[in-house]
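Hydrogens, waters and symmetry mates are skipped; everything else that's a heavy atom, side chains included, is used. Letters A, B, ... mirror the listed sequences (proteins, then strands); counts begin at 1.
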Number of protein chains: 2
Amino acid sequence: MAMTIRDIAREAGVSTATVSRALRGLPNVDPVTREKVRQVAERLDYVVSPAASRLASGRAGSIAVITPYIARWYFARVLSGIEGVLQASDLDLLLSSIGDPGETGHVPPHRKLRRRVDGFLVISLPTETEGVSEIFDLDQPVVLIDTDHDGCSSIGIDDVAGARMAVQHLINLGHERIALISGRPRPTPFRPEDNRFIGYRDTMVEAGLRIDPDLEACGHFTIEGGERAMTSLLARANPPTAVFAMSDEMAFGALRSLRAHGLEPGRDVSVVGFDGHEMSEHLDLTTVVQPVEEIGARAARLLLARLDDPQAPPKHDVLPLDMVVRGSTALRRR
Amino acid sequence: MAMTIRDIAREAGVSTATVSRALRGLPNVDPVTREKVRQVAERLDYVVSPAASRLASGRAGSIAVITPYIARWYFARVLSGIEGVLQASDLDLLLSSIGDPGETGHVPPHRKLRRRVDGFLVISLPTETEGVSEIFDLDQPVVLIDTDHDGCSSIGIDDVAGARMAVQHLINLGHERIALISGRPRPTPFRPEDNRFIGYRDTMVEAGLRIDPDLEACGHFTIEGGERAMTSLLARANPPTAVFAMSDEMAFGALRSLRAHGLEPGRDVSVVGFDGHEMSEHLDLTTVVQPVEEIGARAARLLLARLDDPQAPPKHDVLPLDMVVRGSTALRRR
DNA sequence: TTGTACGCGTTATCAC
DNA sequence: GTGATAACGCGTACAA
């Protein structure tokens, strides 16, 4: 039933070696021979056996994408960007989600993936995550998204600068009590959270504003979390007039909380998000826009490049950010 | 460097055959021997070579998920559900997106995936889609989500019933001019769209209401599309007092359009969505809730079952729907 | 430019 | 319960 390389060789009147060379586009094959082999292969509907090919060549023919989540907005989009690039390559995309480090059901991917991929693409996960840290010892190419590590290519955005844009925007509007809706309690192993905090802190300090610990709340990067965070911020003795949320989804929750308290975003409390989520336009949310799919695409290309030439030095790409100002931010009312 | 089964055999003082049996948990192995082999393998950090194993066994050790989109809400969640189940199995998850049929860049997956997977999981794509239809000839197990096909297991929801719930709800509120925001122009090869239309139409007809072709607009399952659709519906000579959108994202767009026209959802025009998107709660949207992750999980289990026993008859699961009533729907004002 | 022949690391079929 | 050993299908030195 299934054709083998021998069937093609016999039918084309050449050796299996020639078939292999011809089909893979290797040099030193007579154009006529190559064409003939191609046609026979086509006619007999031949496809190489990946298992055999991989065993013989030593290449796994696939790369693994390791991500904490699949369904969350940011991760789904990055994944989409990756897939778009890999689609055109001849590598399989193995998907492996891992969940938050420390969570139950957290599966260390390095055991499942050992010997089965040619390289790794890791989204957002801290390098010291259990199951991720072991990957570096495999000495296979690894590309990191949103963080970096010795010897690995990496890609991301300038989170410090992004947070600065957001906070400076609020400062320019006259706000002084600017709250922060962060993700997890610090210290967190997630690089973007740390950096966005640094951007927030430094911009505040440089503007001569006080960092009030009372003006920070964790939103855990979910809508509900953002809502709870905003609600608790509003309950402070001296509530903020503006909020910088580390993600759009948390900002959405914040907007909702404001409305639930009879406050109007922009007019009563200014809110800036971070991501460029499609819904931000529809919720009239000012936000720092990052090129999410492009991050995934570039990451995939970095990995392909390293697969191509493992000796090449690691590259570190930083993608530009943008800010879209909408109705959720406005001049502070006096 | 990399350990082979022979290294383990030598070290454990047994044959490679015994190592293979012991490690795979096959019967007819002395418990003592098995334990010894296990320990040696553990100590030497041995992992089987998937390529060799696959070549020898004839099993590919992986399944392919074929989806039109990765980043869209519904698909990302289904994918997440699938991955959750496959994580625990020993199968790799190969991800392949395909885009809308007919679009440019549309890559037929059957060529890339031939001989490389043990089964397919197809999300939403019509069975006649180029690149999908060929899969059925591979006689490998296929599980279809949101559609079905001879000999394949399938899973989905009762879209007709879902649409009925939505429309009946609007009728109960006294609405008569109920518009429909559909996906693509009919006839569409996507089953859910057809069925949701049928549910809409039948419910209208049974209530003695007229189906006005002027009260249908396509929203292409995007927020922007939904917004445009609503806008065009509002421009009709005799605009609707209520709208059923085939997806939450289109409903979000519709809400936005209403607000842009100074209309308040619920009070002026009632809107029902379909999906149970998290944002629907925050936008106060009444919606038909489907168990999206569960759909993916069940689909994966159906495939695992078929892989386990290819002779078993195909199963067809239908998951229950729910409706959450919120502020976007209200009694028709007279 | 082409062909021969060996090796890749397992699994599976036998015997024992 | 265990051990030889023949596939599995392809890549690739090496020879021609």
Side-chain angles (χ1 to χ4, degrees), chain A residues 1-38 40-41 44-62 90-92 112-118 307, chain B residues 1-38 40-41 44-62 90-92 112-118 307:
Chain A
M1 187 64 227
M3 291 290 140
T4 79
I5 199 173
R6 257 187 292 268
D7 298 317
I8 309 305
R10 191 183 323 112
E11 188 71 15
V14 296
S15 72
T16 60
T18 300
V19 174
S20 178
R21 283 186 289 249
L23 257 26
R24 285 185 302 150
L26 295 190
N28 298 332
V29 178
D30 189 302
V32 180
T33 311
R34 191 192 299 276
E35 190 48 32
K36 164 136 203 186
V37 171
R38 281 223 171 102
V40 173
L44 298 179
D45 197 26
Y46 167 75
V47 197
V48 298
S49 154
S53 165
R54 288 160 184 189
L55 179 57
S57 71
R59 263 157 293 162
S62 51
D90 52 354
L91 292 167
D92 293 336
K112 277 197 66 166
L113 266 22
R114 269 289 290 292
R115 302 187 74 171
R116 121 173 7 206
V117 298
D118 297 310
L307 256 26
Chain B
M1 187 64 225
M3 291 290 139
T4 79
I5 200 174
R6 258 185 289 267
D7 298 317
I8 309 305
R10 190 182 327 110
E11 188 70 15
V14 296
S15 72
T16 61
T18 300
V19 174
S20 178
R21 282 186 292 247
L23 258 25
R24 284 186 300 152
L26 294 190
N28 298 331
V29 178
D30 188 302
V32 179
T33 311
R34 192 192 299 276
E35 191 46 33
K36 162 134 203 185
V37 170
R38 280 222 172 104
V40 172
L44 269 38
D45 197 27
Y46 167 76
V47 197
V48 298
S49 154
S53 169
R54 288 160 185 189
L55 178 58
S57 71
R59 265 157 289 160
S62 52
D90 53 354
L91 293 167
D92 293 335
K112 277 197 67 167
L113 266 22
R114 267 293 286 294
R115 303 186 75 171
R116 115 174 15 204
V117 297
D118 297 311
L307 254 28

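Considering only side-chain atoms of S15(A), the nucleotide from dC10(D), dG3(C), dC8(D) that sits closest is dG3(C). For A56(A), taking side-chain heavy atoms from C-beta onward, the closest of the listed nucleotides dT12(D), dG9(D), dA12(C) is dG9(D). Closest approach to the T33(B) side chain among dA13(D), dA4(D), dG1(D) is made by dG1(D) (side chain taken as heavy atoms from C-beta onward). Nearest to the side-chain atoms of D30(A) among the listed nucleotides dC10(D), dT1(C), dG9(C) stands dT1(C). For T16(B), taking side-chain heavy atoms from C-beta onward, the closest of the listed nucleotides dG9(C), dT11(C), dG9(D) is dT11(C). The listed nucleotides are dT4(C), dC10(D), dG1(D); the one nearest the side chain of N28(B) is dG1(D).
Here OH of Y46(B) is found 6.5 Å from CZ of R115(A). Values are rounded to the nearest 0.5 Å. Here R116(B) contributes atom CZ and R54(A) contributes atom CZ; the two are 5.0 Å apart, rounded to the nearest 0.5 Å. Here the straight-line distance linking atom CD1 of I8(A) with atom CG of D45(A) works out to 9.0 Å at 0.5 Å rounding.
Considering only side-chain N and O atoms, S57(B) lies nowhere under 4.0 angstrom from the phosphate OP1 or OP2 of dT11(C). Listed pair T18(A) / dT2(C) fails the phosphate criterion, with no side-chain N or O lying under 4.0 Å from OP1 or OP2.
Within 4.0 Å (heavy atoms only), R54(A) reaches no atom of the nucleic acid at all. The residue R59(B) sits close only to the backbone: its heavy atoms come under 4.0 Å of sugar-phosphate atoms, none of a base.
A 4.5 Å side-chain heavy-atom check between V29(B) and V37(B) finds every atom pair outside the cut-off.
Between the side chain of R21(A) and the base of dG3(C), at least one donor-acceptor pair of N or O atoms lies under 3.5 Å.
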